Structure formats: C-alpha cells, structure tokens
Amino acid sequence: MPSASPAAAPDTVLVVDFGAQYAQLIARRVREARVYSEIVPSTMPVAEMLAKNPKAIILSGGPSSVYAEEAPSLDRSLFESGVPIFGMCYGFQLMATTLGGTVDNTGAREYGRTQLTVSKNSSTLFEGTPVEQTVWMSHGDACSAAPEGFTVTASTDLVPVAAFENDEKRLYGVQHHPEVMHSTYGQQVLEHFLYRGAGIEPSWTTGNVIDEQVAAIRELVGTKRAICGLSGGVDSAVAAALVQKAIGSQLTCVYVDHGLMRKGETEQVEKDFVAATGVQLRVVDAEERFLKALAGVSDPEEKRKIIGREFIRVFEQAQAEIIAEAGSEGGEPVEFLVQGTLYPDVVESGGGTGTANIKSHHNVGGLPEDLEFKLIEPLRKLFKDEVRMVGQELGLPEEIVQRQPFPGPGLGIRIVGEVTKERLDLLREADAIAREELTAAGLDREIWQCPVVLLADVRSVGVQGDGRTYGHPIVLRPVSSEDAMTADWSRLPYDVLGRISTRITNEVDEVNRVVLDITSKPPGTIEWE
Ligand code: XMP
C-alpha cells in the first residue's frame, strides 16, 4: 500500500516486541526523549532489522519465561552486530541467556513496585540517580550471573543481577520496566541509554514530521489530485491539514453532514477548519436522506448498518462528482485518497488477532472498500498525542485538536429508540449543556469522553412549574479510559453533575430527569448502542 513516508529517515530506534503490552509504551517513551522509534515483531529476521539501519535496538518485556518451550528467541548475531542494545525484563533475560549469563527458574516472583539498589551510580544507565529507587517489576525467573564482560550495576532483595552493562559492546539490560510511570527514574535510565549508551542526539520533533511529510507528499502526488473525507474528528482533520500544506488546491475535502453531529460541530468544520487551513471543502448536506433511511428503525445494529451504507453512498457520489469535474476541466486525475490512520492501528493490524464483533463500527470519513485509490496516510507513524501536537503546530482550532472521541454514527446511536429530527435537536441541546459545564469545570482532559444519551422510548413522571410532566430521561455516561478497550465510570464532582442536571431539566423541553451511568466497561460498552 503506497503511503507517504519520510524522505530522509530520521535516526531510528527499533523496539522489538516480545508480545506484551509494553512495546507501544516503550516506543512512546523513546519519542518523548525526542528520538524516533518504530516497533518490530520479535519474529523479524535479524538481517531485516539491521537493514533498517537502526541507531539502537530495545528489547521489550514479554509474557514468556525464557525457559518455556515456545519462548520467542533472538539470533545471537544481533548482539554481535555492533548496534547498541537495551534489554528490558524479558529482553534483559533473553540477552543474559543468549550471551552466556545465568537465569534461574527459581519460582521467585516480583510484581509491582520494588526497591532497586544501584551498586554503581556512575554507570552509563544510572548516572545521577539515587542508590535506592523504586522500579516496576513483573517477572518470574531471575538473573543470577551476568554474561562475561558485563558489569552488574543493580540488584533487588530477590534478584542479584537486576541490571548489567557492557560499555565496550554497548549492550545494556535491566530487569525492571523503565517505561512504566511507577519506575521513578525510568525515563532518565532510558534517556541515558539513548544519549550516552547509543550516542543518539535528541533531535526528533513533531515539527520534523511536518517537514518530512510535506516533502514526501509533494513528491508522491506530483501534479495529481487527492481527496479526503473529513469526519470532524482529530485524525482526519490533521491528515487533511498536512496534505493541504503539501499540495494546496490539489486537495479537495468532503464532509458529509449526516445531521447526526453535535451542536456546532459542522460549523466548526465548515468555518473554523477552512479558515485555519484554506482547504477546499465540499459539504454535502445529507440530513434528510439519513433521516429518511433511519425512519422507523430502533435496532442499534440496523441503525449502524444504515448509517454506514448511506455514508458510503453519499461519499462515493461526491467523489464521482469531483472526479468528473476534474476530468471535464481537463485537469489532472484524482488518484489519491487521504486517510488519518494512526500508528497504533498499524501496529495492531499487524498483530492480527481477531476480536469478537460486539458492534459494527463505521468510521465515517473512512474508506469504502472497493475504491481504487492510492492512499496517503501521513499519520501512519504517529501516536494520538503526537497527532494533536502536529495539529496544533499546523494552527488547527483547539476545539478540533483536543476533541474527545466521537463515534462515526454520531448521535444516531445515542438515541435509544427511533431517530427523528426532533429527538436529535433535543439531544443536541442536552449534550451541548453537558459539554459546556464539563469544559467550564476544567474536566475535559480528565475524562476520556462523556456520551449523553436520550432514552427516547422511556418516559417518567415529573413536575415542572405548576404541572405534571411525562418526559424523557437523559443519561450521562462520563468515562475514564486509556484506549477505550476498557473503561471506568468517572467520579465527577457532585456540584458539576448537579449543574448539568439542573440546566438540562430547565432548558431542554421534554426532559424531566437526568441519570448517571455508573457501569464500567466491561460489562457495559461506552456507548449505549
Ligand atoms: P464502545 O461503545 O464499543 O466504544 O465501548 C468504544 C469507543 O469507540 C467509539 N465508537 C465508535 N467510533 N465508529 C467510531 O469511529 C463507531 O461506529 C463507533 N462506535 C463506538 C466510542 O465512542 C468509544 O470511544
């Protein structure tokens, strides 16, 4: 799949993934140290790793014991390649056993915060850090003898060799997880490896990404044209802005207004995004079409399918028009499609383990499957927080850059029951109030997202003014999460909840009750439908 990639590769550190959840975190920490990093699977042949010309290699932790039959291994030649290597946890033990050290299958386990005693704090890894420090451990086997030529630089109560270093060969290892926040000096130890052990200059920034990508996209696209679907979310907005910076009016963006957006969001794309980027935007007003297709439908899966299907139809039609117009003007053909794919998507789809289909997700702004376009994916190498930084540097509005996740099918799956224009308007008002109050209370960064749901098929009795009411409840679903795979309900301050409730019941007709969802995920998903 063609994609824009950096014209000149930056100094790269490879993070070899031994199958735990740590590799992505390590890669992010390396980038926080302003060094570019990429994750590769431990099954990649050593020659292929070396062909990437890495300035250093980090071996991640992993769930196996080095003695397990199926335990992943590494060819010894990697350690003889001259590339500086840093092993962590499993990577450390693998380095030890491969190079002739001893790892005992003692059954002793260390898990969680552990006291590390540094025996040589003038060493490459530990310089300037205290003799006693807290680190995060998660292992069974323990190293009892370092390989020849290595100096032992730290230990714990249970583990005699908790770190070793070989400056001559530039090989280093620690039993703990420096990438985890609970390892107090972890980032410093990692940076010591990168700067002192491997001699890498910290020079990688998101500003470099913009320059590299702009150059690469220009070269890739030449005089041809590209289109991009905007969803109102961060990723497609930043991808579009980056491509716009590279090829200007050769890019056309398409925004399908399905009428299921929140209050003010369509205007933000139409006005603020266009003002900030100067992008050519085609807005397709498809509200009526979507409402018609959704009429009479209450089943969540059916709603999702209808919204996904209609979206693709509308997008394809807009795209056909753009292609036809380009052709009739005798212009260059539309050959490229811009997508806001992020690095975790790339890594995870490489991992390839299937998960049960709980809900069919439609990424509005996403790619109809049978399109014959070449892809431009300028964010393929970035993590979400880096994408936000790029967006900020490109001058995108704060409301777009800091936007919390919002589902492609929009408010369509936040109305339990049939979706109608009246209900959407009502939910938009309630949602806007909740968002306003959360922002005013400074809670936006603390919560992952807060779906506001209308229970359109439920009514309850209330009293408002002098009369009895028989209105609908609104559900608040504030959640905290790292990645949306699991979530906990956010403990919002009562006074904020109180203000939201009072304002919604006062200001939104037909709503006479506000309830709080206090379910974690699992068992409850974040969205109600
Ligand atoms: P659930 O409800 O499955 O949601 O716990 C997990 C995360 O995904 C978002 N979500 C979607 N995002 N298209 C999207 O782009 C969808 O169809 C969709 N459905 C749910 C949800 O908001 C949460 O962040």
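FYI, side chains are in, hydrogens and waters are out, and symmetry mates aren't considered; it's all heavy atoms of this structure. Owing to the predicted nature of the structure, the values given are computational and were not obtained by experimental measurement. Counting starts at 1 for both ligands and their atoms, in listed order.
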Verdict with reasoning, Trp136 to Tyr111, per ring-ring contact (aromatic ring centres under 6.0 Å, His included): CA-CA 7 Å; Trp136 187 260; Tyr111 184 80; 5.7 Å; yes
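- For ligand 1, the atoms closer than 4.0 angstrom to any heavy atom of Pro409 are 13 (N), 16 (C), 17 (O).
- When only interatomic distances are considered, the shortest N/O to N/O separation between Gly408 and ligand 1 falls below 3.5 Å.
- Screening residues 406-438 for ring pair (Phe, Tyr, Trp, His ring centres under 6.0 Å), with sequence neighbours left out, gives no hits.
- For ligand 1, the atoms sitting less than 4.0 Å from at least one non-hydrogen atom of Thr525 are 1 (P), 2 (O), 5 (O), numbered in the order shown with element in parentheses.
- Backbone and side-chain nitrogen or oxygen atoms of Ile526 are examined, and one is located within less than 3.5 angstrom of a nitrogen or oxygen of ligand 1.
- Only side-chain heavy atoms of Pro405 come within less than 4.0 Å of ligand 1; its backbone N, CA, C and O stay farther off.
- Each of the following atoms of ligand 1 lies closer than 4.0 Å to a heavy atom of Arg304: 16 (C), 17 (O), 18 (C), 19 (N), 20 (C).
- Note: His177 and Tyr22 meet the aromatic proximity criterion, with ring centroids under 6.0 Å apart.
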List, one per line, each side-chain donor-acceptor pair under 3.5 Å for residues 275-283, sequence neighbours excluded.
from	atom 1	to	atom 2	distance (Å)
Thr277	OG1	Phe273	O	2.7
Thr277	OG1	Val279	N	3.2
Gln280	NE2	Ser249	O	2.7
Arg282	NH1	Glu325	OE2	3.2
Arg282	NH2	Glu325	OE1	2.8

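- Near Trp448, meaning under 4.0 Å from any of its heavy atoms, are these atoms of ligand 1: 24 (O).
- Checking each of Val514, Leu438, Val515, Asp431 against Leu476 for a side chain to side chain contact (heavy atoms under 4.5 Å, CB included) leaves exactly one that passes, namely Val514.
- Shown are Leu454, Leu427, Leu260, Val297; of these, the side chain to side chain contact (heavy atoms under 4.5 Å, CB included) with Val419 is made only by Leu260.
- In terms of polar-atom proximity, defined here as any N/O pair under 3.5 Å, Lys521 does make such a contact with ligand 1.
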